[in-house]
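Written out below as structure tokens is the structure these notes cover.
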Amino acid sequence: MSKGLLLVVSAPSAGGKGTILKELLRTEDSLRMSVSATTRQPRPGEEHGKQYYFISREEFQTQAAQGMMLEYAEYVGNCYGTPRGPVDQWREEGLDVVLEIEVQGGAQVKKLAPDCVTVFITPPSMAVLEQRLRDRGTEDEAAIQNRLETALVELGHAQEYDYIVVNDRLEDAVEDMRAILRSEKRKYERNADFIRKVITHAETIR
Ligand code: 5GP
């Protein structure tokens, strides 16, 4: 059995990646979502172990120092990291794993695991992003401006990603993600073992 795919997805906040990934996970049986650790406070409705593992900064530093994080980064004053264990285990079992992480973490993973597949989800325009942030109604004016500035910086990193998905219509974006996943899984290097097995079997029955 070949090792599962490692999919890295980044997007500016309010870029809609959460909704896209939720929809993708609903239909892709072999896809698992990594649950990150963070030092930020849970938002209303968030549960430990579900959206994140909410841990102290001290605990985060200990885990990072012990090599328990596949990657980690600081983002607007909080630490975020991917626990290595579940990712390795799922991939060994042949399951695909998606990491929903910001751009610094994305760059670390690409360096560490060059065979990963990276996708940058972008809003169709900054105006749409601004509108989505305002519609969400969770941030004040200063925070909105701050997020828009951050989004521009993040867009500058889009060039480091393998694929760009524009989040205009949700169904189209999800379909693009599915297409990327399917094509990547059909690449020769991910199927070399299978081809070898077919050849070996053919030789044994000749
Ligand atoms: P939020 O606090 O809004 O949930 O997430 C803030 C940012 O941190 C988002 O861009 C999200 O993708 C990113 N993030 C979440 N988990 C991780 C992680 O494990 N590693 C890194 N590098 N970024 C993460």
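These numbers were taken from a predicted model, which means no experiment stands behind them. Atoms within each ligand, like the ligands themselves, are counted from 1 in listed order. Positions are given from 1, in the same order as the sequence printed here.
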Heavy atoms only: which of Y52, Y75, Y80, Y72 lies closest to atom 4 (O) of ligand 1?
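That would be Y52.
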
Counting only heavy atoms, tell me which of Q41, R40, E102, Q108 gets closest to atom 10 (O) of ligand 1.
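Looking at heavy atoms only, the winner is E102.
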
What protein heavy atom lies closest to [atom]? Include the residue and the distance to one decimal.
atom                    : answer
atom 11 (C) of ligand 1 : E100 OE2, 3.5 Å
atom 16 (N) of ligand 1 : S36 OG, 3.1 Å
atom 20 (N) of ligand 1 : E71 OE2, 2.7 Å

Do we see a donor-acceptor contact under 3.5 Å between the side chains of Y53 and Q63?
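There is no such pair (donor and acceptor under 3.5 Å, judged by atom type) between the side chains of Y53 and Q63.
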
Could you tell me whether the side chains of Q145 and E149 share a donor-acceptor contact shorter than 3.5 Å?
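No, E149 and Q145 have no side-chain donor paired with an acceptor closer than 3.5 Å.
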
Of all the atoms in ligand 1, which lie at a distance below 4.0 Å from a heavy atom belonging to [X]?
X    : result
G105 : 22 (N)
A73  : 22 (N)
T82  : 19 (O)

So, regarding A37 and ligand 1 (criterion: nitrogen or oxygen to nitrogen or oxygen, under 3.5 Å), is there a contact or not?
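Between A37 and ligand 1, no N or O pair is found under 3.5 Å apart.
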
Would you say M69 touches ligand 1, if touching means a heavy atom closer than 4.0 Å?
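Contact check M69 vs ligand 1: negative.
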
State if R43 counts as touching ligand 1 under the rule of any non-hydrogen atom under 4.0 Å.
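True for this residue.
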
With E71 as reference, evaluate I101, V8, V87 under the side chain to side chain contact (heavy atoms under 4.5 Å, CB included) test and give the passing residue.
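The side chain to side chain contact (heavy atoms under 4.5 Å, CB included) with E71 is passed solely by I101 among I101, V8, V87.
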
Option among I144, L148, T150 that satisfies the side chain to side chain contact (heavy atoms under 4.5 Å, CB included) test with N146:
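The residue from I144, L148, T150 that satisfies side chain to side chain contact (heavy atoms under 4.5 Å, CB included) with N146 turns out to be T150.
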
On the 0 to 90° scale, with breaks at 30° and 60°, tag the F54-H48 ring pair as parallel, tilted or perpendicular.
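Because their plane-to-plane angle lies in the 30° to 60° range, the rings of F54 and H48 count as tilted.
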
Specify side chain, backbone, both or neither for K17, according to which of its non-hydrogen atoms lie closer than 4.0 Å to ligand 1.
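The answer is the side chain of K17.
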
Can you establish whether the number of heavy atoms outside D140 located under 6.0 Å from its atom CG is more than 12?
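Correct, the count exceeds 12.
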
Can you tell whether the side chains of R40 and E46 come within less than 4.0 Å, N to carboxylate O?
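Salt bridge present between R40 and E46.
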
Using the rule salt bridge (charged side-chain N to carboxylate O under 4.0 Å, His left out), only one of K110, K187, R91 pairs with D115; which is it?
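It is R91; the other options fail the test.
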
